[in-house]
Enquirer: 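Supplied in structure tokens, the structure appears directly below.
For the single chain, residues carry numbers from 1 onward in sequence order. None of the values given here were measured: they were computed from a predicted structure.
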Amino acid sequence: MNTDITASVKPEYPVVDRNPPFTKVVGNFSALDYLRLSTISAVSVTVGYLSGIKPGIRGPSMVTGGLIGVLGGFMYAYQNSAGRLMGFFPNDAEVARYKYKL
């Protein structure tokens with residue numbers, strides 16, 4: 001089974017790391033990635049709270065919404081960071097930072 005994504009789609013930008021490890025991807029989070037993670041989490045907490053008002057379960061509903069938001073925000077930030085390292089998204093900052101590896 002071929003799981004190499006670059007076999008089917010070629011990157012449009014310079015490749016910094018073709019197969020970045022978890023620690024490198026998380027360490028590459030930008031301020032915008034953290035902002036998106038925080039925004040998605042905050043919106044999810046709010047939606048969870050508001051959806052729990054009518055049945056009277058605001059607390060558990062808010063916590064569940066928050067957990068979903070944190071996980072979803074993290075996955076979105078991870079996808080963007082890994083995409084920049086693999087050359088699928090614009091990555092001028094990463095190319096400048098890791099230019100010795102190119």
Enquirer: Apply side-chain contact (heavy atoms from CB on, under 4.5 Å) to residues Asn28 and Arg97 and explain how you reach the verdict.
Expert: CA-CA 10 Å; Asn28 189 53; Arg97 186 180 322 143; 2.8 Å; yes

Enquirer: Looking at Gln79 and Phe89, what are the two nearest heavy atoms and their distance?
Expert: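 Reported closest heavy-atom pair: O-CE1, 3.7 Å.
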
Enquirer: To the nearest 0.5 angstrom, please state how far the CE atom of Met62 sits from the CD1 atom of Ile57.
Expert: 12.0 Å

Enquirer: So which heavy atom on Ser44 is nearest to which on Gly69, and how close?
Expert: OG-CA, 3.2 Å

Enquirer: Under 4.5 Å between side-chain heavy atoms, counting indirect links through other Ile/Leu/Val/Met/Phe/Trp/Tyr residues: same cluster for Leu85 and Tyr13 or not?
Expert: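 No, Leu85 does not connect to Tyr13 through the hydrophobic network.
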
Enquirer: Mind checking what makes side-chain hydrogen bond (donor to acceptor under 3.5 Å, both in side chains) contact with Ser61, not counting sequence neighbours?
Expert: Ser51

Enquirer: Would you indicate whether the side-chain heavy atoms of Arg36 and Asn80 approach each other to under 4.5 Å?
Expert: yes

Enquirer: Measure from NZ or CZ of Lys24 to the centre of the six-membered ring of Tyr98, then state whether that distance is under 6.0 Å and the direction lies within 45° of the axis.
Expert: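 Output yes; distance and angle both within limits.
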
Enquirer: Starting at CE of Met86, measure out to CG of Asn19 and round the result to the nearest 0.5 Å.
Expert: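 Output value for this atom pair is 8.0 Å.
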
Enquirer: Please report the shortest heavy-atom distance between Leu37 and Ala77, naming the atom on each side.
Expert: CD1-CB, 4.5 Å

Enquirer: Before we go on, tell me: are the rings of Phe29 and Phe74 under 6.0 Å apart, centre to centre?
Expert: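 Ring-ring flag for Phe29/Phe74: true, centres closer than 6.0 Å.
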
Enquirer: Ser81 and Val25: which non-hydrogen atoms are nearest, and at how many Å?
Expert: OG-O, 2.7 Å

Enquirer: Working to the nearest 0.5 angstrom, can you tell me the gap between Ser41 OG and Leu67 CG?
Expert: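 Separation between the atoms: 9.5 Å.
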
Enquirer: Should Phe22 and Tyr34 be counted in the same cluster of Ile, Leu, Val, Met, Phe, Trp and Tyr side chains packed under 4.5 Å apart?
Expert: yes

Enquirer: Is Val26 reachable from Met75 through a run of I, L, V, M, F, W or Y residues, each pair having side-chain heavy atoms under 4.5 Å apart?
Expert: no

Enquirer: Report yes if the side chains of Leu35 and Ser38 come closer than 4.5 Å at any heavy-atom pair, otherwise no.
Expert: no

Enquirer: For Ile40 and Tyr76, which heavy atoms make the closest approach, and how far apart are they?
Expert: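 Between these two residues, the closest heavy atoms are CD1-CD2, 4.1 Å.
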
Enquirer: Considering all heavy atoms of both residues, which atom of Arg84 and which atom of Asn91 are nearest to each other, and what is their separation?
Expert: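 The answer is O-ND2, 2.9 Å.
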
